[in-house]
2 protein chains.
Amino acid sequence: MSKRKSGATIADVARLAGVSTATAGRVLGDYGYSSGEKREKVLAAAKSLGYRPNLLARSLITGRTRTIGVVAGDIQSPFYASILRGISDVAERHGIGLIITNSDENLDHEVRSVQLLLEKQVDGMILSPCRPDGGEHLNSALALGIPIVQIDRQVTDLEADFVGVDNRAGAREAIARLLHLGHRRIGMIGELEHPEWTIADFVAQTAAGHMASEALFPSWQRLHGYIEAHMEAGLAVDPLLVRQAGSYSAEAAERQIQILLSAERPTAIFTADGLMTAGTMAALGAARISIPAELSIICFDDLDWMGFTQPGIDAVVQPRGAMGEAAAQLLLDRIGGKSEPARRIILGTRIISRGSVVALG
Amino acid sequence: MSKRKSGATIADVARLAGVSTATAGRVLGDYGYSSGEKREKVLAAAKSLGYRPNLLARSLITGRTRTIGVVAGDIQSPFYASILRGISDVAERHGIGLIITNSDENLDHEVRSVQLLLEKQVDGMILSPCRPDGGEHLNSALALGIPIVQIDRQVTDLEADFVGVDNRAGAREAIARLLHLGHRRIGMIGELEHPEWTIADFVAQTAAGHMASEALFPSWQRLHGYIEAHMEAGLAVDPLLVRQAGSYSAEAAERQIQILLSAERPTAIFTADGLMTAGTMAALGAARISIPAELSIICFDDLDWMGFTQPGIDAVVQPRGAMGEAAAQLLLDRIGGKSEPARRIILGTRIISRGSVVALG
DNA sequence: CTGAAAGCGCTTACAG
DNA sequence: CTGAAAGCGCTTACAG
């Protein structure tokens, strides 16, 4: 374990410049007063010694690290990668460092990540919580005065800012299009995991007007949009057409789509996120089902390859980069001292048509 | 600027436990000796106060932060996202934090990123240098005792570890396949930017056996493989078939492919990286060129959607996650004190066939 | 095994 | 405007 060669310190610079460490610090740290003369000397000394500040020492005193932490589900997925890029752009612009971790959608991992970020003394955190309940670790971070911004998903009753998209409206619009084109059997595949209810429960309760969807996780809000579109068209929802992958897994989605294709086949499919889309495309390819002749498809979340396939794939576009930027901006505001009540920023979606959806018959 | 509520410190714990801060530190930091009795007391006190160590303070003393920095080209690209995931997995396993920045393939950004990482006192860095020359910032980091591992690309003559893939062999194999199937006009698109030579120069020099490619950037090594395959087949290379995008830009690639298609058309195309592939697919789609009937295609770097398209797209697979893991492991070894000469780890590639390459009719 | 003291590299009141 | 001194929260020799 070779200990690092320590570079020049403020004391070294002060000695060479013939001033006190306080003065050297004021010049180098750009705080407090300093006369032009001493200033020059200090700067020259610093340059000749190749002085580089040790931000750790500064942070220990100021109590702020100018570092924020991010807990993503999986940095490798295009969804989180784009969000991270948005966060990173804002952070970089402000000279803020970024520590990134993955939760892999596992609460234990998430708790450990938050713990690590706290010990590293981040000034704030952005995370996509993996469960709507069990936010004690987040509450205790907030109690410590560390602001949190939630992205895409939110913990029920957590007093923390949130940035997401209008999942319900996006899905409703996508399904309304399909219905308008004559589709009546529209399959849907989503994560759709919940400790308290099944898909059939949810469909029944929603149709009866008993579900409030503001705090639901995205796949449920998208299902809500799916149901709403049917209701607006005066059509009943067949719960068997709505498939639950149970996790963010393309393989699980593929299996569910195979089930969907084996029975009385739908004429269109709506996928609730990128991984569901991947699993669906794999299943359709394997079954040699031709799009859109045999099946129309529209997907939530636009992925780069959707413009390459023949035909292109229709998608509900989420502004992923903007989500990350908004979350970072919200967090910087909090770190800067803003103390208003938790804010919720809901960004809009838009649909892009590329030819994977056609009128029935 | 609300200063964070400071949590319990070692002094608080020591006071409550009725021991010295030294003893409390030894128990909580798990270093030095401590009797069972005091140990219990300290642990109990820490628990009741909700003590969380301040890693900044520890790092200031030990000189190590247990944090590594990464300078990626663009965390949003699947290439870097996968590499980052590999790095992250290893780091997490060792309880090491990860600070991530983007260079956007811009030397100024890269220099600034390295500067930030150094000030944040990372124990080491992994980066994909954006230029083969101009590595002063990297040399000065090394001089400070901060180990660096280069990934995918390397600076000429920098005494730092490197992890990459066998670009030359991968490309040679891909091109050899095409040649074997009767293709004679094989287009290639790559970044292929170099301050000192043009593509025609490179082709001529390489054919004459005058190029050493160990230190070249990937697109040139891939071109080297392209040339080699032709040489092995006793065929001349037409430099006009090799197109230079000039930057990692899908749009630039798209324009070059349009040029390639407008003249005497090649029967196959080899793309040198994911962005080149994206641009190429866009150009082919717009020109309504059917794969593989009118044109065969094989791409360096396997992307998730290549299995979804009809037909699937043949690719040279790089073990991106493994590259990241290897780089992280190399770096951890260096941080742990290994001082042997710089190592070069070159991982193999393999080709996956999906139907986008056919024999020339 | 334990404690008193010094110190990591900075910033921050406080006098002057 | 400048300097001497204290201190951020830890760890590290050094006595005992």
Side-chain angles (χ1 to χ4, degrees), chain A residues 1 3-43 45-46 49-67 118-121 123 144-145, chain B residues 1 3-43 45-46 49-67 118-121 123 144-145:
Chain A
M1 306 284 280
K3 205 164 157 182
R4 150 178 332 141
K5 296 181 193 85
S6 50
T9 69
I10 276 205
D12 298 327
V13 174
R15 203 173 307 123
L16 181 61
V19 302
S20 70
T21 59
T23 297
R26 279 189 277 258
V27 173
L28 298 171
D30 211 30
Y31 52 87
Y33 309 94
S34 56
S35 68
E37 185 201 4
K38 304 239 168 191
R39 190 178 176 72
E40 295 304 312
K41 276 192 193 160
V42 170
L43 258 18
L49 291 175
Y51 172 76
R52 217 187 301 265
N54 182 333
L55 264 29
L56 253 40
R58 177 179 295 172
S59 295
L60 190 56
I61 297 169
T62 62
R64 346 194 83 235
T65 52
R66 297 186 64 75
T67 300
L118 252 28
E119 294 186 350
K120 291 220 180 268
Q121 312 294 126
D123 292 338
L144 248 48
Chain B
M1 307 284 281
K3 205 163 158 181
R4 147 180 335 142
K5 297 182 193 82
S6 49
T9 69
I10 276 205
D12 299 327
V13 174
R15 202 173 306 123
L16 182 62
V19 301
S20 69
T21 60
T23 297
R26 278 188 277 258
V27 172
L28 298 171
D30 211 30
Y31 53 86
Y33 310 95
S34 57
S35 67
E37 186 200 3
K38 305 240 166 190
R39 190 178 176 72
E40 295 303 313
K41 276 192 192 160
V42 170
L43 258 17
L49 291 175
Y51 172 76
R52 217 186 301 265
N54 181 333
L55 263 29
L56 253 41
R58 177 180 296 174
S59 295
L60 191 54
I61 298 169
T62 61
R64 346 196 81 236
T65 51
R66 297 186 65 74
T67 300
L118 252 28
E119 294 186 349
K120 292 219 179 268
Q121 312 294 127
D123 292 338
L144 249 47

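Residue numbering restarts at 1 for every chain, and letters A, B, ... go by the order of the sequence lines.
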Q: Provide the closest heavy-atom pair for B:Arg58 versus B:Pro53 in the form atom of the first, atom of the second, distance.
A: NH2-CB, 4.3 Å

Q: Assess whether atom OH of B:Tyr31 is packed by more than 12 heavy atoms of other residues, nucleotides or ligands within 6.0 Å.
A: yes

Q: Under 4.0 Å between a side-chain N/O of A:Ser35 and OP1 or OP2 of D:dC1, yes or no?
A: no

Q: What distance do A:Lys120 atom NZ and B:Leu56 atom CG have between them, rounded to the nearest 0.5 Å?
A: 9.0 Å

Q: Measure the distance from CD on B:Glu37 to P on C:dG3 and round it to the nearest whole Å.
A: 10 Å

Q: Is there a side-chain polar atom (N or O) of B:Thr23 under 4.0 Å from OP1 or OP2 of C:dG3?
A: yes

Q: Which base sits across from D:dA4 as a Watson-Crick or G-U pair, both distances under 3.5 Å?
A: none

Q: Rounded to whole Å, please give me the gap between CG in B:Asp12 and P in D:dC8.
A: 11 Å

Q: Between B:Leu60 (CG) and D:dG7 (P), how many Å, whole number?
A: 17 Å

Q: Among A:Glu37, A:Arg39, A:Lys38, which residue meets the side chain to side chain contact (heavy atoms under 4.5 Å, CB included) test with A:Val19?
A: A:Lys38

Q: Using whole Å, what does the distance between atom C1' of nucleotide C:dG3 and atom NZ of B:Lys38 come to?
A: 9 Å

Q: Could you check which nucleotide pairs with D:dA13 in any of the strands shown, counting Watson-Crick or G-U wobble with both distances under 3.5 Å?
A: none

Q: Can you name the nearest heavy-atom pair linking B:Tyr51 to B:Thr9, along with the distance?
A: CE1-C, 3.7 Å

Q: Are the side chains of B:Leu118 and A:Arg52 in contact, using a 4.5 Å heavy-atom criterion?
A: yes

Q: Determine, for nucleotides 10-16 of chain D in 5'-to-3' order, which nucleotides have protein heavy atoms under 4.0 Å from the base (write B), from only the sugar-phosphate (write S), or from neither (write -).
A: BBBB---

